[in-house]
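Comments concern the structure below.
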Protein chains: 2
Amino acid sequence: MTEQTNNKERILQCALKLFSKKGYDGTSTMDIVNTAQVTKPTMYHYFGSKEGLLSEILEQNYTALSAKLKEAANLPQDISLTFYRIARVYFDGARENLDFFRFRMGLMLRTGEDAAYLCARKYIEEEYAIIKDFFDNATKQAGNLAGKESLCTITLIGVLNAAVSAYLYLEDEAMLSDETIYKLRQQFLHGIYS
Amino acid sequence: MTEQTNNKERILQCALKLFSKKGYDGTSTMDIVNTAQVTKPTMYHYFGSKEGLLSEILEQNYTALSAKLKEAANLPQDISLTFYRIARVYFDGARENLDFFRFRMGLMLRTGEDAAYLCARKYIEEEYAIIKDFFDNATKQAGNLAGKESLCTITLIGVLNAAVSAYLYLEDEAMLSDETIYKLRQQFLHGIYS
DNA sequence: CAAACTGTATACCGTTCGGTATAATGCAAG
DNA sequence: CTTGCATTATACCGAACGGTATACAGTTTG
């Protein structure tokens, strides 16, 4: 009765889904193995611990996200286009990998010592660093943003996270449309009256 | 050995501090009563359950926050001033009640079924409703925002939350200064280049 | 074919969880 | 001065927690 369609992958997916819905601390290992239809030793064979499982989930998903984000943010000469590309990374990510983005959102604004946040922290910091880098480079070429790089980073990520969060809450795919991005970009670049 | 400086209040404060640091699920009732230097029956006498304790914490703190927010947002004829006033409510709140704002931030972008989020959901929705109301009224008087009320609400809250979150992360009070608010407002109203 | 290794199952570990039965204390009102 | 109530302490509950010892099946390798 071995190998009934890759237990490891199924554990990863079920755990992510449960973490995203009930939180890391709110999800028990029994929850996970029951949902994934494996036994506990199977899970511990692959991941060693509950936290090991969390680490692998974060590593997999954040690695993919960071790569896309870096690619989207490598055109410092065009802030407008880059806004679109970054927004698309987040919005596509949210649509295609709803569970991960739900989980990620719950970790995003944290600052405490909860286990899941501590594991995710380095990835969150990397995300900020990628956007900050972009604005730093954009300033070198444009100049009129000098001194605002940090605040731009905070507000850009804040606005996009808020929009993704609204999508997850409303579950309305219109929230992820190009039209939404255009409106958000217009507002970000030129203010709410524009 | 009765009444050694109000056990109930001390339980509330210690629980909030622990929730903000380790999350609701990550905090045990033993944690709480040990920190507050009471026994479990004392806690259960006052609050009935762990969730009852959470409810009272949320009710107390969100009631105060919502009242301040409503007051700050009752000048629909002046968006610029209102931005300042709303930002001050959040920023002062974060400085004066760090634990609650830390906790609140962790709940803010959630969408799942975790216990703490479900308890807090109605308050979060009320917060959005207050800001949304403001923009709806502002549109009636100004008009040039028509159709953007929802997106303005999302981005305003998103930007301010991101700033508060940056303060909690950096622990730098300069983040909460009037100067920061002016920059954020300028950006919100007139774009990043302005 | 035998040894070794990967993966899975049964059954169980000690600990901690949220919560409570019972009783003693201090204090206010009759 | 005692009855009644609000508050606190001791001691404990069953259930669920994260994690594991042991064994065995299936495959790979010598």
Side-chain angles (χ1 to χ4, degrees), chain A residues 1-58 60 103 112-120, chain B residues 1-60 103 107 112-120:
Chain A
M1 204 193 293
T2 309
E3 182 71 31
Q4 58 227 54
T5 69
N6 204 353
N7 284 336
K8 184 179 179 186
E9 199 52 41
R10 213 170 54 257
I11 293 170
L12 283 167
Q13 285 170 9
C14 291
L16 175 55
K17 172 154 285 177
L18 288 168
F19 289 164
S20 77
K21 279 203 280 200
K22 319 208 282 179
Y24 175 74
D25 285 318
T27 303
S28 71
T29 54
M30 272 301 284
D31 263 353
I32 296 167
V33 300
N34 285 342
T35 306
Q37 297 185 86
V38 297
T39 58
K40 268 207 272 190
T42 299
M43 196 214 98
Y44 277 86
H45 168 72
Y46 286 114
F47 304 104
S49 68
K50 192 187 176 186
E51 203 168 303
L53 173 55
L54 170 64
S55 288
E56 192 145 334
I57 289 173
L58 293 175
Q60 272 191 11
F103 188 35
E113 354 176 308
D114 112 19
Y117 171 72
L118 290 179
C119 262
Chain B
M1 204 193 296
T2 308
E3 181 73 30
Q4 57 227 55
T5 69
N6 204 353
N7 284 336
K8 185 179 178 186
E9 200 53 42
R10 212 169 55 257
I11 294 170
L12 284 167
Q13 286 169 8
C14 291
L16 176 56
K17 173 155 283 176
L18 288 168
F19 289 164
S20 77
K21 278 202 281 200
K22 318 208 283 181
Y24 175 74
D25 285 318
T27 303
S28 71
T29 54
M30 271 302 283
D31 264 352
I32 297 168
V33 301
N34 285 341
T35 306
Q37 297 185 85
V38 299
T39 57
K40 270 207 270 190
T42 300
M43 195 213 97
Y44 277 87
H45 168 72
Y46 286 115
F47 305 104
S49 66
K50 189 186 176 187
E51 202 168 304
L53 172 55
L54 170 65
S55 288
E56 192 145 334
I57 288 173
L58 293 176
E59 178 66 27
Q60 272 192 10
F103 188 36
L107 297 167
E113 352 177 310
D114 109 21
Y117 171 71
L118 290 180
C119 262

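The figures that follow rest on heavy atoms only: side chains count, while hydrogens, waters and symmetry mates do not. Each chain gets a letter, A, B and so on, in the order its sequence line appears, and its residues count up from 1.
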**OP:** Could you tell me whether the side chain of B/L12 reaches within less than 4.5 Å of the side chain of B/F47, counting heavy atoms only?
**Re:** yes

Subject >> Selected nucleotide, minimal atom distance to B/H45 side chain, candidates D/dA6, D/dA9, C/dT10 >> reply: D/dA6

**OP:** Could you tell me which residues satisfy side-chain contact (heavy atoms from CB on, under 4.5 Å) with B/T27, sequence neighbours excluded, listed by chain and number?
**Re:** B/L18, B/F19, B/K22, B/D31, B/I32

Original post:
side-chain hydrogen bond (donor to acceptor under 3.5 Å, both in side chains) with A/K8: which of A/Q13, A/E56, A/H45?
Top reply: A/E56

Subject >> d(CD1, A/I32; C1', D/dA16) in whole Å >> reply: 14 Å

**OP:** Give a yes/no answer on whether the side chain of A/N7 brings an N or O atom under 4.0 Å of OP1 or OP2 in C/dT8.
**Re:** yes

Original post:
Below 4.5 Å, heavy atoms only, C-beta onward: do A/F103 and A/L58 meet side chain to side chain?
Top reply: yes

**OP:** Could you check how far CD of A/Q37 sits from P of C/dA9, rounded to whole Å?
**Re:** 11 Å

Original post:
Hey, does the side chain of A/Y46 come within less than 4.0 Å of C/dT8's phosphate (OP1/OP2), counting only N and O?
Top reply: yes

**OP:** Under the salt bridge (charged side-chain N to carboxylate O under 4.0 Å, His left out) rule, collect the residues that match up with B/K17, sequence neighbours excluded.
**Re:** B/D99

Nucleotide N/O of nucleotides 18-21 of chain D paired with protein N/O under 3.5 Å:
residue, atom, partner, partner atom, Å
D/dG18, OP1, A/K50, NZ, 2.9
D/dG18, OP2, A/T29, N, 2.7
D/dG18, OP2, A/T29, OG1, 3.0
D/dG18, N7, A/K40, NZ, 3.0
D/dG19, OP2, A/Y44, OH, 2.7
D/dG19, OP2, A/K50, N, 3.0
D/dG19, O5', A/Y44, OH, 3.4
D/dG19, N7, A/K40, NZ, 2.9
D/dG19, O6, A/K40, NZ, 2.7

**OP:** Round to a whole Å and report the spacing from CG of B/L53 to P of C/dG19.
**Re:** 10 Å

Subject >> For A/S49 against A/G52, the heavy-atom pair lying closest together >> reply: OG-N, 2.9 Å

